[in-house]
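What follows is a set of notes on a single structure, which appears directly below.
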Amino acid sequence: MTEARICPHCGKPIIHTGLGGVCPECMLKVGTPTQDPVDEAGPNGTQIVEPAGCLTPAQIAQDFPQIEILECLGRGGMGVVYRARQPKLNRLVALKLLAPERGGDPRFAERFEREAQALARLNHPNIVTVYDFGVAGAHYYLLMEFVDGTSLRQLLKAGSLAPEQALAIVPRICEALQFAHDKGVVHRDIKPENVLLDKEGRVKIADFGIAKIIARGGEQRALTQDEQVIGTPHYMAPEQVEHPQRVDHRADIYSLGVVFYEMLTGELPLGKFAPPSRRVQVDVRLDEVVLHALEKEPDRRYQRASEVKTDVENIAGSPTSSHHAASPGLGQDQTPPPPPNPAPMEKLPPAEIQGQQLLFRSLFFLFFGFFWTGIGLKKGLPWVAALGLVITAAGSIGLLWGASRMQGIEWWRKRRKGLPEPDLRSPGKDTGKSPLPLLEGSRLSPGYSVVGALLLVECGLIATGIITGSAYCLLIAAFSSVAWGVVSMICAAHFLSQRGIRIIYPLIGLLIIIEYLPRYRTITLQESGRVGPLYYSYILAMNFALCSAVLFLVLHRW
Amino acid sequence: MRPSDAWFRTTHWSVVLTAGRSDTPGAQAALENLCRIYWRPLYAYARRRGHSPEDAADLTQEFFRRLLERQSLADVHPDKGRFRSFLLAAMNHFLSDAWDKAQAKKRGAACVIAIDVSELETQLAGLAGEARTPEQAYERQWALALLDEVYQRLEREYQEHGKTELFAALRPALAGSREAQPYSELAQGLGLSEGMVRVAVHRLRRRYREVLREVIADSVAHPDEVEDEFRYLLRVLGRG
């Protein structure tokens with residue numbers, strides 16, 4: 001009773017006799033929430049599944065006679081991974097053993113089979129292929145493509161991932177996610193550990209949907225005390241923590257946002273985090289993308305992974321990308337670190353160059369078209385005028401397309417070097433969410449299709465009016481042209497005010513003058529009988545091209 | 001997150017307050033349970049105030065008797081804060097106010113709860129060399145009493161699930177870091193795989209943390225105070 005025992009951990013004598021002989025001080029310390037954070041309780045009380053022990057290859061070899069198990073590659077939250085070889089096919093494979101403690105659970109077996117079948121259908125260059133699955137001995141296993149390379153986590157740990165590399169990797173992740181989402185598979189555990197890069201620099205997403213297999217209970221059961229929220233807390237979308245049953249593909253988009261943020265800044269977006277461009281030297285436009293992906297409400301987030309891809313590629317493809325110093329603290333003398341990994345990244349699309357070429361060609365078309373329209377009108381040759389007008393229309397469409405390809409406004413800004421970067425740093429309600437959902441998105445969004453269709457109708461009306469001399473067509477065109485002018489001005493004003501540019505009012509004034517003065521002049525001339533309806537149409541068409549140009553540029557940058 | 005979810009459970013405070021007002025059948029049992037958990041800190045406090053073991057035991061019994069009869073509950077108006085502070089204030093009040101009457105009364109008032117002081121006396125003797133105020137003795141015993149309660153609840157849970165042996169084997173893991181706890185040895189002893197032991201230890205610790213927070217939450221007025229109280233307990237036990 002009186003002999004003092006010594007605590008093996010802290011070396012102090014244990015005087016207290018309760019607690020089954022456990023040292024009270026040490027026991028209380030184990031109660032610290034942050035104790036052993038790697039595999040213990042996560043933040044917010046969420047739990048990470050503790051990985052199973054890594055059995056040696058020899059221990060599991062008997063269960064897998066058809067393959068040679070070479071080595072244990074490591075443990076993940078979802079199980080143990082081995083490098084193995086299929087002798088007949090002479091190829092390397094990755095063998096993943098899942099949750100050994102769940103061996104006897106029939107519901108687990110059923111879910112495992114259902115999900116594994118779905119995974120086996122995911123055949124995409126950026127997704128680790130599942131070759132086979134099943135039960136062997138006491139193990140549920142997945143036999144997968146072996147990716148010889150590194151994980152994004154290892155690159156991040158090395159601390160030398162350049163923003164350019166991040167911009168090359170993210171679109172590939174998006175493609176993989178979009179592909180899986182289209183097939184109804186949600187990853188549920190996107191994190192740097194699951195993003196692999198092979199030696200050719202190809203991106204491969206691992207562990208698709210495995211979180212769902214592991215997750216206890218499935219959709220039917222409510223969360224009970226021993227229910228485990230599966231996922232990696234820092235990368236989980238808020239709704240994934242709160243309502244694991246209601247998770248959809250947008251949770252992956254959130255996780256992607258976290259990974260993207262981490263790639264750019266090296267840190268996790270915890271609590272009230274600063275936009276990436278405040279922390280490191282990256283393009284401020286990326287802030288918008290990252291923050292939009294990290295919206296807490298799924299409805300406010302990007303709705304499709306492909307949208308993230310489009311936005312990132314647009315930014316990556318524009319000339320201003322990645323060289324705008326957002327933090328003046330990083331002086332000009334500091335050059336960005338060279339890419340650490342000699343593995344070649346996938347080449348970025350030269351959208352900028354294409355856009356530039358398209359733009360200049362279209363300008364030529366535009367002026368050519370105007371010239372012939374003018375000639376046709378002056379000489380009273382309606383067919384020439386109509387042809388000229390069609391060329392004009394094609395030119396203006398090309399111009400706008402080209403401008404959008406190369407981020408027209410940004411290009412314009414670059415030309416006028418005196419102008420400051422637009423301030424996108426007020427995240428929140430105006431990040432990427434358009435008040436007109438139709439106009440949301442970018443290059444190929446429905447907004448563009450609608451505008452394009454309207455443009456064609458308008459061109460058709462004017463052309464018909466000119467060719468047939470129908471006053472009705474011209475009248476309708478005139479009215480719709482007014483509508484164009486109004487819409488484009490509203491858009492321009494909104495766009496500029498969002499970016500805090502102070503020249504709104506003079507600009508609106510200028511637009512009004514450009515839009516209405518010639519029209520007014522034309523009408524007075526027409527009333528006095530000095531010009532005919534054709535001339536009026538000509539003015540109208542020029543007007544209209546100008547308004548559309550403004551509208552298109554605004555739409556693109558919205 | 002968890003404490004606020006669990007907050008509608010009965011806390012020590014609500015036990016005491018309902019016991020003071022109503023005759024809910026459960027309230028009495030709950031109050032007795034409180035006495036069983038917390039007699040040690042009060043006894044240690046009385047001892048450090050200079051009472052002999054016999055007196056201290058009597059006083060503790062008397063204090064609880066009054067508590068159970070709800071006599072003292074009407075007198076004490078503590079700030080609604082830690083249950084720990086309330087109990088100490090009540091005890092102080094009782095000792096100063098009731099000592100004379102208690103002296104005058106016949107000793108050996110009916111035992112309210114079973115108190116075995118011998119073990120506690122050994123402990124107190126072991127710590128006798130250190131300068132310790134009555135308050136410090138009380139606080140230390142308080143922390144130990146909480147831990148005992150946590151331990152017993154855990155043990156009961158494992159017993160209910162028929163895992164008594166597992167609990168006994170994994171018990172040392174409650175006090176040690178992972179490095180200090182070779183899972184392989186435990187695994188051999190239990191005839192399980194190392195992975196399974198790791199999972200079992202993880203679950204034990206997780207459940208332990210939950211129960212620990214439940215017990216602490218019972219003793220504070222607001223769920224926000226749980227982590228503060230936990231740090232306080234760490235400090236108290238850290239004093240040695």
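Shown here for B/Leu234 and A/Leu28, the closest heavy-atom pair between the two residues is N-CD2, 3.6 Å.
The CD atom of A/Glu25 lies 12.0 Å from the CG atom of B/Leu233; values are rounded to the nearest 0.5 Å. The CE atom of A/Met27 sits 12.0 Å away from the CZ atom of B/Arg205 when rounded to the nearest 0.5 Å.
Atom CD of B/Glu165 sits in a sparse spot, with 12 or fewer heavy atoms from other residues, nucleotides or ligands closer than 6.0 Å.
The part of B/Leu212 that comes within reach of chain A is its side chain, from C-beta onward, which places non-hydrogen atoms under 4.5 angstrom from that chain.
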